[in-house]
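Notes to accompany the following structure.
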Amino acid sequence: MEQKRNRSDAYQALFHEIAFSQEMLGIFSNNDSISSRLCPYQYDERLLDLQDQLKTEFWRVVRQTLTDKQRQIVEMTGKEGLTQQETAKRLQINQSSCAKSLHGNSTYEDTKSKSSYGGSYKKLQVAVSLDPKIQDILTKISELREERW
């Protein structure tokens with residue numbers, strides 16, 4: 001009797017299971033562990049420090065670049081993790097106003113083209129790309145990852 005083929009048969013052969021004893025896994029130091037080799041960015045104090053610096057500089061750029069209302073909306077959605085609906089409710093505005101503040105507004109001058117303008121995300125993208133402190137931190141993070149990998 002022929003066995004029915006499963007959906008997983010197409011990829012099942014791609015996986016191999018190899019057993020290792022706890023003693024064998026334990027011979028690696030923390031810096032040279034299997035986990036470190038599979039995910040080299042897992043824990044590095046320098047990388048964590050750079051990420052903290054990046055967050056600090058990003059919020060500095062937010063304060064310098066955006067209007068008060070845009071900053072409030074970005075902080076509520078970014079820092080506090082609120083949805084647009086929750087943010088709008090807290091600020092007593094429409095959810096569409098919140099979305100337009102983040103993403104910008106679109107105009108349809110003719111049926112073939114759509115142009116967008118404004119929006120916190122677009123403003124921040126430009127500001128971050130021009131900010132020397134942030135670019136320096138991003139370069140250091142990239143170099144550190146290259147060194148680790």
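Everything numeric here is computed off the predicted structure, so don't read it as measured data. Side-chain atoms are counted along with the backbone in the values below, which use heavy atoms only and exclude waters and symmetry mates.
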Task: Shared hydrophobic cluster, Val126 / Leu66 (ILVMFWY, side-chain heavy atoms < 4.5 Å) - done: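 Each belongs to a different hydrophobic cluster.
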
TODO: Name all pairs fulfilling the side-chain hydrogen bond (donor to acceptor under 3.5 Å, both in side chains) condition that reach into residues 87-98, sequence neighbours left out, sorted by first residue then second.
DONE: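 Listed by first then second residue: Glu80-Arg90, Gln84-Gln95.
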
TODO: Write out all pairs satisfying side-chain hydrogen bond (donor to acceptor under 3.5 Å, both in side chains) with one or both partners inside residues 47-57, taking only residues at least two apart or from two chains.
DONE: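 Every pair satisfying side-chain hydrogen bond (donor to acceptor under 3.5 Å, both in side chains) with a residue in residues 47-57: Glu57-Arg60.
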
TODO: Apply the test side-chain contact (heavy atoms from CB on, under 4.5 Å) to residues Leu102 and Gln70: give CA-CA distance (whole Å), side-chain angles for both, the deciding distance (0.1 Å), then the verdict.
DONE: CA-CA 7 Å; Leu102 293 171; Gln70 286 175 326; over 6 Å; no

Nearest heavy-atom pair of [X] and [Y]: which atoms, and what distance?
X: Phe58; Y: Leu124; answer: CZ-CD1, 4.0 Å
X: Ile137; Y: Leu50; answer: CG2-O, 3.5 Å
X: Cys98; Y: Ile73; answer: SG-CG2, 3.5 Å

Can you tell me how far the [atom1] atom of [X] sits from the [atom2] atom of [Y], to the nearest 0.5 Å?
X: Lys69; Y: Ile93; atom1: NZ; atom2: CD1; result: 5.5 Å
X: Lys122; Y: Gln125; atom1: NZ; atom2: CD; result: 9.0 Å
X: Thr77; Y: Gln85; atom1: OG1; atom2: CD; result: 13.5 Å
X: Arg63; Y: Thr65; atom1: CZ; atom2: OG1; result: 10.5 Å

Going by side-chain hydrogen bond (donor to acceptor under 3.5 Å, both in side chains), name the residues that satisfy it together with [X], two or more places apart in sequence or in a different chain.
X: Thr139; value: none
X: Ser142; value: none
X: Lys100; value: none

TODO: Provide the full list of salt bridge (charged side-chain N to carboxylate O under 4.0 Å, His left out) pairs with a residue in residues 133-142, sequence neighbours left out, each pair given once.
DONE: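 Non-adjacent pairs meeting salt bridge (charged side-chain N to carboxylate O under 4.0 Å, His left out): Asp136-Lys140.
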
